[in-house]
Amino acid sequence: MKLTKTLMTTTALTVAAGMVSADAHMANELTIVSWGGAYSKSQQLAYHDPYMAKTGIKIINDESSAEAVAKLRAMNEAGNVTWDVVDVVASDAIRLCDEGLAMEIDPDTMLAPAPDGTSAEDDFGDLLVSDCFIPQIVYSTTFGYRTDMVPEGVDAPDDICDVFDLETYPGKRSLEKRPINNMEWALLCDGVAKDEVYDVLGTEEGQEQALAKLETIKDDVIWWSAGADTPQLLADGEVFMGSTYNGRLFSVIEEQKQPVAMMWDAQVFDLDGWIIPTGLSDERKARALDFIMATTDTQHLADQAKYISYGPARASSAPLVGKHADLGIEMGPHMPTDPNNAKNTFLYNYEFWADYRDDIDAKFQAWLAK
């Protein structure tokens, strides 16, 4: 090599080092980001293990999905994207897509068709809420409560507004340390009609109204950041009731046999799925797309429901949902979409939170700090 090619500047060396750190695992590794806990376990069993066995590729799990937007922004700015496939909720996928941090997906060339030949676009249907988003599951955020902490002579809580009723149902609550869902529930329980919640929440007055309602229980709230927090708090008896993802509560109730029950009222339906970050080398992008093609087909999405009570995002997967792989119980009745559980649901507004998330986040965190 000529001497001039070896005399790289400090800047060039730094850039080169960044490229090495991002692409050093190209040959045989795939870094996949998700949420941890029972959810990541279900992905490991339904997706990762079969893919690794088939390809020989090693999958490295990262549990940073709660911080995915901020971290991908920082990686992109630094020119060193170290993640290959990232699990995010739909509203975050919309934001990442709008900011050019997630690549666009053509469902009919990059995703497998249904077994009967139905195109992926038609099979996923309305759940393709962003050009960059590959849905995996329909889940809900809802409440669990300790059955042995229900006051004597009082009916078990079955209404979302029981969360705000400290007189009838005394005890600590656990709520997620972000405005999403909390603000909606607060407005519902402060007299706002369900179909007007987002119109109200889009105003300064509506945001203050939601925070004022949350203020009434603030002193009795333990704030959680990870999906595993509320199940652990419930298992330890540290809270009477708390919000989390329905699949986490299924694990506590059916697998761990804790004295916990579900409160499905005003459960918030949402979508979760994959994005592929922009800024990957061609080789890493090809590997990420191969993983997506292989693991989001009809059978694999149905397979995830063997391990956790989330509804698969493909229409063709739903009839394939059967029994839990270990418990042997039918999983259909434990899905948030089951008619008995979905009598009063609240539909999450993806576009609203994609537009308002940063501003309301800042206001919510300032309120928390008071």
Side-chain angles (χ1 to χ4, degrees), residues 34-40 42 65-69 87-94 127 129 135-145 157-164 173-189 194 197-198 201 210 213-214 217 221-234 239-253 260-273 305 308-311 313 334-338 341-354 356-357 360-361 364:
S34 191
W35 302 91
Y39 183 60
S40 285
S42 73
S65 281
E67 306 167 282
V69 173
D87 187 298
V88 293
V89 294
S91 60
D92 283 348
I94 293 170
L127 304 190
V129 296
Q136 291 174 69
I137 51 109
V138 178
Y139 73 97
S140 75
T141 303
T142 190
F143 280 83
Y145 64 91
D158 62 0
D159 185 296
I160 186 61
C161 298
D162 292 338
V163 174
F164 295 89
R173 277 69 167 140
S174 60
L175 297 175
E176 189 171 7
K177 197 176 182 179
R178 65 174 189 167
I180 292 173
N181 300 330
N182 293 324
M183 303 286 269
E184 289 96 322
W185 287 325
L187 289 178
L188 284 173
C189 294
K194 184 190 295 187
V197 163
Y198 285 110
L201 194 54
K213 184 65 174 179
L214 289 167
I217 60 170
V221 172
I222 296 174
W223 300 97
W224 62 267
S225 299
D229 292 347
T230 287
Q232 190 62 55
L233 290 166
L234 286 168
V239 298
F240 170 45
M241 64 175 71
S243 68
T244 191
Y245 315 122
N246 74 282
R248 301 283 189 151
L249 291 171
F250 172 85
S251 179
V252 169
I253 296 166
V260 175
M262 302 277 277
M263 189 176 73
W264 291 104
D265 188 54
Q267 60 168 321
V268 181
F269 275 6
D270 201 352
L271 302 175
D272 196 89
I308 201 162
S309 57
Y310 296 140
H334 297 280
M335 297 294 171
T337 49
D338 182 84
N341 303 332
K343 293 176 181 177
N344 181 33
T345 61
F346 190 89
L347 300 179
Y348 182 90
N349 188 317
Y350 313 109
E351 292 292 346
F352 176 89
W353 281 111
Y356 285 86
R357 176 71 185 274
I360 297 181
D361 260 351
F364 185 82

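Numbers here are sequence positions counted from 1.
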Residues that [X] engages under ring-ring contact (aromatic ring centres under 6.0 Å, His included), provided they are two or more places apart:
| X | value |
| --- | --- |
| Tyr245 | Tyr139, Trp224 |
| Tyr350 | Tyr348 |
| Phe364 | Trp223, Trp367 |

- Item | Pair Tyr198 + Phe346: ring centers closer than 6.0 Å | yes
With sequence neighbours left out, what residues match [X] under side-chain hydrogen bond (donor to acceptor under 3.5 Å, both in side chains)?
| X | value |
| --- | --- |
| Tyr356 | none |
| Trp35 | Asp87, Asp272 |
| Ser174 | Thr230 |
| Tyr310 | none |

Under the side-chain contact (heavy atoms from CB on, under 4.5 Å) rule, collect the residues that match up with [X], sequence neighbours excluded.
| X | answer |
| --- | --- |
| Asp159 | Cys161, Asp162, Asp265 |
| Asn341 | Trp264, Gln267, Asp338 |
| Val138 | Leu127, Leu271, Thr337 |
| Ala226 | Asp229 |

- Query: With a 4.5 Å heavy-atom cut-off, do Leu188 and Val197 have their side chains touching?
  - Reply: yes
- Query: Which residues satisfy the salt bridge (Lys or Arg N to Asp or Glu O under 4.0 Å) test with Arg357, sequence neighbours excluded?
  - Reply: Asp92, Asp361
